[in-house]
There are 2 protein chains.
Amino acid sequence: MALAIKVNEETFTPRQQAVLTAALDLLVENGDGLTMTAVARRASCSKETLYKWFGDRDGLLTATVQWQAAKVRMPYVDRSHLSIKALRGSLEQFARDLLTTIIGEVSITLNRTAITHAAQEKDDLGNIVLENGPMAIRRRLKPILEAARDARLLRFTSSEEAYRTFFGLVVRDVQIRLLLGDKGLTQSNVESNIEADVKIATDQFLALYGAKANN
Amino acid sequence: MALAIKVNEETFTPRQQAVLTAALDLLVENGDGLTMTAVARRASCSKETLYKWFGDRDGLLTATVQWQAAKVRMPYVDRSHLSIKALRGSLEQFARDLLTTIIGEVSITLNRTAITHAAQEKDDLGNIVLENGPMAIRRRLKPILEAARDARLLRFTSSEEAYRTFFGLVVRDVQIRLLLGDKGLTQSNVESNIEADVKIATDQFLALYGAKANN
DNA sequence: GCACAGCCGTACCGTACGGTACGGTTCGAT
DNA sequence: ATCGAACCGTACCGTACGGTACGGCTGTGC
């Protein structure tokens with residue numbers, strides 16, 4: 001399954017979703033635990049069925065990542081009436097969702113899997129994760145930033161730069177440390193600090209790009 | 001080789017370093033290309049020698065990452081006479097080195113390898129990369145930040161927080177995108193923007209933590 | 001009841017790779 | 001000259017896993 005164009009809303013039957021769940025569980029439990037035999041046994045299906053449905057191992061992997069990554073749903077952020085207070089709330093919401101997602105076991109697993117995949121020639125999974133992670137956030141955040149600029153709440157020349165600054169302020173070194181398995185950074189450890197970090201990041205972003213800021 | 005305590009200055013003979021170079025090359029060329037047979041052939045040595053020197057495949061992998069990661073040398077940053085100008089120069093230097101390192105093929109390969117490794121139970125490589133990457137920077141940067149605070153050039157309560165903010169401002173989403181194989185982000189693409197990004201990040205950091213800043 | 005499709009479970013095949021064994025060569029020490 | 005250590009090259013073994021084949025079970029349409 002080299003193509004894997006995988007347009008949106010790839011509809012899976014409940015049975016297939018059960019298989020994908022099993023596959024994801026195996027991935028989470030142990031990165032290289034996704035063997036066809038293991039998935040078949042876990043999902044109580046035959047390998048023949050797996051190959052019929054997903055083509056080959058890569059197809060199953062792609063379907064799993066695709067299916068799971070698409071589940072990341074960013075909550076709706078009100079964009080209509082923009083006050084500085086509402087903007088701050090929206091930014092905090094984004095920061096919170098971003099952090100919460102990033103530290104989740106599923107996200108870590110998906111990113112690790114995609115990175116492992118990208119370490120070989122295949123960049124399929126990398127693009128899927130990118131598209132449903134950073135790029136999805138960018139698509140959602142940029143219009144808000146631009147609306148805020150139009151409303152004179154923010155000041156910047158490049159919304160791209162502003163978005164990436166926000167990303168950096170929120171994520172910092174958390175993601176790479178989690179991906180590398182930093183033992184000094186359990187997710188419960190990070191989780192308890194989310195609210196504080198969200199506030200700090202938002203404050204910093206507004207300090208840099210708020211209309212009344214010094215630049 | 002489960003222990004892999006690997007104290008500092010693991011001294012390798014030139015021949016062994018040639019082997020490690022071959023191993024690294026194979027890793028860079030193709031993440032899963034490091035097979036014992038391939039390394040032996042590339043380095044013109046026998047597999048028996050590989051096992052004698054490195055124990056097993058994991059030992060070879062660990063030695064390669066360890067040896068290469070330790071090569072990352074951050075340039076000396078003058079810390080004696082701190083002026084705001086000197087501080088800015090130091091910060092820019094850090095940002096430049098960090099970015100330059102991160103976008104290099106070797107760094108990408110090492111991080112991918114370590115992350116793949118961490119996806120299984122093994123977190124050996126992850127710790128090595130962490131220790132020689134983010135943590136090394138932190139160790140170098142923090143004293144400078146604290147010295148600058150003592151000299152009333154910077155203002156912050158937690159040097160840890162300040163460091164992580166700096167990291168975030170510099171790295172942003174570049175590393176994760178490179179690790180995921182984002183095709184819209186070639187390293188030459190990033191490379192040409194390093195100087196501009198370094199300046200932006202430094203300006204932003206100083207805007208947030210500079211003594212005359214608003215917070 | 002019957003045919004057929006879909007699927008489960010298991011057995012099976014081929015290959016790739018980690019790891020071992022061994023003969024042959026080089027080279028330094030004695 | 002001889003011995004032995006280190007090492008190269010190759011052959012070999014065992015296993016794990018991707019992928020295929022097949023027999024048997026179940027349900028649905030007719």
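Computed from a prediction, not measured in an experiment: that's the story for all the values here.
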For this session: Answer with base, sugar-phosphate or nothing: what part of the nucleic acid does A:Arg41 contact at a heavy-atom distance below 4.0 Å?
Result: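 Nothing, no heavy atom under 4.0 Å.
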Could you check how far [atom1] of [X] sits from [atom2] of [N], rounded to whole Å?
| X | N | atom1 | atom2 | answer |
| --- | --- | --- | --- | --- |
| B:Glu48 | C:dG23 | CD | P | 12 Å |
| A:Leu50 | C:dT10 | CG | P | 15 Å |
| B:Arg57 | C:dG19 | CZ | P | 9 Å |
| A:Arg42 | C:dG9 | CZ | C1' | 18 Å |

Nearest listed nucleotide, side chain of [X], among [options]:
| X | options | result |
| --- | --- | --- |
| A:Lys47 | C:dA11, D:dG23, C:dA21 | C:dA11 |
| A:Trp53 | C:dC8, C:dG19, C:dC7 | C:dC7 |
| B:Asp56 | C:dA21, D:dG18, C:dG19 | C:dG19 |
| B:Met36 | C:dG9, C:dG18, D:dG18 | C:dG18 |
| A:Lys52 | C:dG19, C:dC7, D:dC8 | C:dC7 |

For this session: Give me the residues of residues 24-35 of chain B where at least one heavy atom lies under 4.0 Å from an atom of DNA chain D, by number, or none.
Result: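 Nucleic-acid contacts, sorted: none.
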Problem set entry | Pairwise side-chain contact, B:Ser107 with B:Ile103, heavy-atom cut-off 4.5 Å (strictly under) | no
Exercise. Using rotation axes that map the C1' atoms of four end pairs onto the next four (five pairs an end), what angle separates the end axes of the helix from C:dG1-D:dC30 to C:dT30-D:dA1, to 10°?
Worked result: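 About 0°, once rounded to a multiple of 10°.
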Problem set entry | Short side-chain donor-acceptor distance under 3.5 Å, B:Gln204 and A:Tyr209 |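 The criterion, which ignores hydrogens and geometry beyond distance, is satisfied for B:Gln204 and A:Tyr209.
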For this session: Indicate whether any N or O donor in one side chain lies under 3.5 Å from an N or O acceptor in the other, for A:Thr37 and A:Thr35.
Result: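 Their side chains do not contain a donor-acceptor pair, so the 3.5 Å distance test is not met.
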Exercise. How do B:Ser46 and B:Tyr51 order along DNA chain C: which one's closest nucleotide is nearer the 5' end?
Worked result: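 Comparing both residues, the 5'-ward one is B:Tyr51.
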Exercise. Taking A:Lys199 as the fixed residue, which of A:Asp197, A:Thr202, A:Asp203 is the one that meets the side chain to side chain donor-acceptor pair (under 3.5 Å) rule?
Worked result: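 Exactly one option meets the side chain to side chain donor-acceptor pair (under 3.5 Å) with A:Lys199, and it is A:Asp203.
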Would you check if the side chain of [X] reaches a backbone N or O of [Y] as a donor-acceptor pair within less than 3.5 Å?
| X | Y | answer |
| --- | --- | --- |
| A:Arg138 | A:Glu160 | no |
| A:Arg177 | A:Val174 | no |
| B:Asn189 | B:Leu185 | no |

Exercise. Does a nitrogen or oxygen in the side chain of A:Thr49 sit under 4.0 Å from OP1 or OP2 of C:dC7?
Worked result: no
Exercise. Is A:Arg112 salt-bridged to A:Glu105, cutoff N-O under 4.0 Å?
Worked result: no
Exercise. NE2/B:His117 to CG/B:Leu110 distance, rounded to the nearest 0.5 angstrom?
Worked result: 12.5 Å
